[in-house]
Amino acid sequence: MKQNISLQQLIDELDFTIRQCKNISPILSEVSMQLENTTQESFEKETSPFGDKWTPLSKQTLKHKKGSKILTESSMLQSSINSRTKLQQTKTSTQGSVSIGTNLEYAPHSSVWWKGRKESKSKYPSKTISTL
């Protein structure tokens, strides 16, 4: 059964569990699966992993899209999301990591996407970047 928990709950539970066990491989696999599920839900709900709504598409962007969903033109990006676990063990410690991403070159002209084009007739408006 699929169970959703908050990212902070996951971090807290993992921190406790990792301190208690010697083989963290199953934990890394679970984290990997949870990250993939969270990322898929982000696409479906158009929210961050923390539940913040994505910035709506501008009217100009919507004119050039096939649909109205953010980051979803063909669902190729969403379908390509995958995760990977890495485990390194020595005599005295075990270190592991989980990474999530895509192997697609999704935005080869990302500077155009973020900054827009200088030409006034551009269909690519500039984007506002929020920082934490």
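Hydrophobic clustering, with ILVMFWY side chains joined whenever heavy atoms are under 4.5 angstrom apart, keeps Ile11 apart from Phe16. Hydrophobic clustering keeps Ile27 apart from Met33 (ILVMFWY residues linked when any side-chain heavy atoms are closer than 4.5 Å, directly or through intermediates).
Phe43 and Trp54 get closest at one heavy-atom pair: CA-CH2, 3.9 Å. Across all their heavy atoms, Leu104 and Ser80 have their closest contact at CD1-OG, 3.4 Å.
Between the side chain of Ser42 and the backbone N or O of Thr38 there is at least one donor-acceptor pair closer than 3.5 Å. Checking side-chain atoms of Lys69 against main-chain N and O of Ser75 turns up no donor-acceptor pair under 3.5 Å. At distances below 3.5 Å, at least one donor-acceptor pair connects side-chain atoms of Gln9 with backbone N or O atoms of Ser6. Looking only at distances, a side-chain donor or acceptor of Glu73 sits under 3.5 Å from a matching main-chain atom of Lys66. Panel note: side chain Glu46, backbone Ile70; a donor-acceptor pair is recorded below 3.5 Å. No donor-acceptor pair closer than 3.5 Å links the side chain of Gln88 to the backbone N or O of Gly96.
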Check your understanding: Passes side chain to side chain contact (heavy atoms under 4.5 Å, CB included), Ser25 versus Leu28? Steps please.
Key -> CA-CA 5 Å; Ser25 184; Leu28 293 177; 5.7 Å; no

**Study point:** side chain to side chain contact (heavy atoms under 4.5 Å, CB included) between Ile100 and Asn82, worked out
**Key:** CA-CA 6 Å; Ile100 187 163; Asn82 60 70; over 6 Å; no

Practice item. Please assess Leu57 against Lys65 for the test side chain to side chain contact (heavy atoms under 4.5 Å, CB included), listing each intermediate value before the final yes or no. Key: CA-CA 10 Å; Leu57 297 173; Lys65 281 185 58 66; 3.5 Å; yes

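For Lys45, there are no side chain to side chain donor-acceptor pair (under 3.5 Å) partners, not counting sequence neighbours.
Taking NZ of Lys86 as the reference point, atom OG of Ser97 lies at 6.0 Å (rounded to 0.5 Å). Of the inter-residue distances, the one linking Glu44 atom CD with Thr39 atom OG1 reads 11.0 Å to the nearest 0.5 angstrom. The line from CD of Glu30 to CD of Glu13 is 10.0 Å long, rounded to the nearest 0.5 Å. For the atom pair Thr85 OG1 and Ile24 CD1, the distance stands at 9.5 Å (nearest 0.5 Å).
Annotation: Gln95, atom CD; neighbour count of heavy atoms from other residues, nucleotides and ligands within 6.0 Å does not exceed 12. Atom NZ of Lys59 is surrounded by 12 or fewer heavy atoms from other residues, nucleotides or ligands within 6.0 Å.
A 4.5 Å side-chain heavy-atom check between Gln78 and Leu71 finds every atom pair outside the cut-off.
For the residue pair Asp12 and Gln8, a side-chain donor N or O sits within less than 3.5 Å of a side-chain acceptor on the partner.
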